[in-house]
Amino acid sequence: MENKLKNCQELLRFITCGSVDDGKSTLIGRLLLDSRSVLADQWAAIEATSTRRGQAQVDLSLLTDGLQAEREQGITIDVAYRYFSTPARRFIIADTPGHAQYTRNMVTGASTADLAILLLDARKGVVEQTRRHAQIVRLLGIRKVVIAVNKMDLVAYGQEAFERVKQEFLNFAEPLDFRDIVFIPLSALNGDGVVLHGEHMPWYTGPTLLELLETVVLDEEILNSSFRFPIQLVTRLSEENGEERRGAQGRVESGTVAVGDEVLLLPSGRTSRVSAIETYAGRISQARAGQSITLVLADQIDMSRGDMIASVAHPPRTGKNFEALVCWFSHTPYDPARRLLIQQTTRCIQGKIETVSARLDIQTSQLIPSPAQVAMNDLVHMGFKVQQPLAFDRYEDNRTTGSFILIDALTHDTVAAGMIV
Amino acid sequence: MKGESGSMKSPQAATLTPLTSSGGGAWAPWDHLDRLESEAIHILREVVAQCTRPVLLFSGGKDSMVLLHLARKAFHPQHIPFPLMHVDTGHNFPEVITFRDQVVKSLGVNLIVRSVEESIRQGRARVRFESDSRNALQAVTLVDAIHEFGFDACLGGARRDEEKARAKERIFSFRDEFGGWDPKNQRPELWDLYNAHVHPGENMRVFPISNWTEADVWEYIARERLDLPSLYFAHRREVVARGDQWIPVTPLTQPRAGEQVEERWVRFRTVGDMTCTCPVPSEARTLEDILRETATSTLTERGATRTDDQTSEASMELRKKQGYF
């Protein structure tokens, strides 16, 4: 059926995760180069730098080199976003550094990704950081992963080495319950398996990395889940039949909505019907997840920014208390004396942490009860209480309504990010 | 801008044609431009909801035209709820200023102009030569204007694909009271949750089209039939060859000794300070021609056209640290 409701399959957002020496920058460089996304002036610049440094081959990792501070110190500071496209699809790469301590950057990059590429060194297989990366990817709700077994050139392109790493990862990842795992042997340095198959691995008949990225089917879950519409702004519309009308402006975060649907306004709990859906281009009769619209309700009920319009049949939870898995971002450890703001969907209110029940050891997947301190990059289970009721879902069920950030009320820094359990 | 009179028949209107039944009806296609547009509208609405005094930085260039169009969509049927501001380097191509004023007049929006010339007169900014690029000096004028009007958010049309410092900048980018960007100390930005809290004197720079590429911008302009300054389309212009570039002959950029003035078919891929913006050879006279040309271009937008970004590998990063947008 051609007109079936479909997610946008033309744009894929993915994250690349790897340890420092896994060749992640080289892999991204290779992907850009062989998909002809590197333009002549960019090539000239990295060629000149490679020559100046006395390197025999052009250093592909220079393509993703960012800021002056990073070049000076030879490190990657933060998340960078890269863009490239092929005739089949457009891609946004969240490129995050591989340092062990930078859980927070990976959490950031993974929060908007549809798919994750985990880089493994064919010689080393699953290492400590692989466990960390896989855990974070899974916690952030990414169910599609590509295991790029890199440096196949250093194991003589042998199938046994590849199979060994594959089995090792499958054993480790079983409890993580990924929906799709694809293993691809490659050499980012020489290009085998990245965009082109190359000649060294005739035993591998699966897709190259780019072929996979171009064809992987994206989840339609966001369209099929329950309707959620956090209100960003309330606007005045033109009068109709002598009645003043007000519209709720926002984006459909999940599910669909149609004129005539019965909906719930939260946290008040009042119900009404959708009387119109307005856009710049005119009225429409239905809207889908991802669409920014103005929603008009049949009844003149009081609504404001921070409220949520939702499905009557499958409403979100509402309340002042919830539990969440929190990643601490701030350089300053958690201090109960500091006042916090909680921003969830379009609502930003005062809140406090009532319990810190356990810390998740990302290496062993074990919960360590009652941690003495919550410091940067820690993942902890916390209990929250907020000033006014929130409408929310479990993060597992809805990435938008189940996520929040914590803001220090005094410094205004974003100090943590949470996923409701 | 076209469409003000209601004459615009954009493909967007076509894809959103009212559908007959609810729920089970036919769904319009949803492509990457729809997704990018909706993301930008979401960001624009967050700015208005969270900030007290936003302003949209408007140069009349293609990216700011896209941004302005998105703002109209975001707040429809109300007017755009913030003023526009142009930081005028005094080195603009006259066609761009004429175009800017036409757009402002046709939309009935409020445009604030603050000029680098004035900052120079006041001694706030200095130049060695009249013909030096004033791109870096814009930061001084911009930060002064932010303080003058008390703006807490400046919306800009910068994109992450333009340049590597931009690739690392947040959509909501915090600036201290000097307007400076601290790349090592940026606020984490997750999901679509934007923290726009600032103290008085500090401000946010917000880039709603961060995730768009040059090709997306051109496709969107073609789809929405947006007007642009004539400079973007192929025209005959006097230029001189210098290095790999064609330097336009203007009152500020005169031929050097031994350089031959030629008249050629060219167009601009970006419009900026006359002293450092070069055209590219082109015969693309329509949006469709430009789309084709952009798809097969072998140079980046900035690499092809900006001489100031080539002086140092880190020049954009340095300018941003000093308050540049």
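Quick note on labels: first sequence line is chain A, next is B, and so on, each numbered from 1.
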Go through the atoms of [X] and report whether side chain, backbone, both or neither lie under 4.5 Å from a heavy atom of chain B.
X	value
V107(A)	both
S85(A)	neither
L410(A)	backbone
A113(A)	neither
I405(A)	both
L140(A)	side chain
F329(A)	side chain

What residue in [options] has the most heavy-atom pairs under 4.5 Å with chain A?
options	value
N195(B), T213(B), L36(B)	N195(B)
I41(B), V198(B), V48(B)	V198(B)
R45(B), E202(B), Q78(B)	R45(B)
N211(B), D31(B), D216(B)	N211(B)

Looking only at heavy atoms and a cut-off of under 4.5 Å, which of [options] has the most pairs with chain B?
options	result
Q344(A), E253(A), Q343(A)	Q343(A)
Y395(A), W43(A), F404(A)	Y395(A)
I407(A), T112(A), T345(A)	I407(A)

H199(B), NE2 atom: more than 12 neighbouring heavy atoms under 6.0 Å =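 Above 12, so yes.
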query = For R242(B), does the CZ atom have more than 12 heavy-atom neighbours from other residues, nucleotides or ligands under 6.0 Å away?
reply =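 Correct, the count exceeds 12.
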With a 4.0 Å cut-off on N to O distance, would you call [X] and [Y] a salt bridge?
X	Y	answer
R72(B)	E224(B)	no
E10(A)	R89(A)	no
D34(B)	R223(B)	yes
E46(B)	R305(A)	yes
R166(B)	D161(B)	no
D114(A)	R13(A)	no

Contact part of [X] toward chain A, heavy-atom cut-off under 4.5 Å: side chain, backbone, both or neither?
X	value
D192(B)	side chain
E189(B)	backbone
E39(B)	both
F174(B)	neither
A196(B)	neither

message = Please check this pair: side chain of S173(B) against backbone of R170(B), looking for a donor-acceptor N/O pair closer than 3.5 Å.
response =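 Side chain of S173(B) to backbone of R170(B): no pair is present.
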task = Taking D307(A) for its side chain and S304(A) for its backbone only, find out whether a donor-acceptor pair lies under 3.5 Å.
result =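 It does hold such a pair.
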Partner of F227(A) under side chain to side chain contact (heavy atoms under 4.5 Å, CB included), chosen from T256(A), V274(A), V263(A), D261(A) =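 For F227(A), the side chain to side chain contact (heavy atoms under 4.5 Å, CB included) test succeeds with only one of T256(A), V274(A), V263(A), D261(A), which is V263(A).
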Min side-chain heavy-atom separation D95(A)-Y81(A) under 4.5 Å =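 Side chain of D95(A) against side chain of Y81(A), heavy atoms only: no contact under 4.5 Å found.
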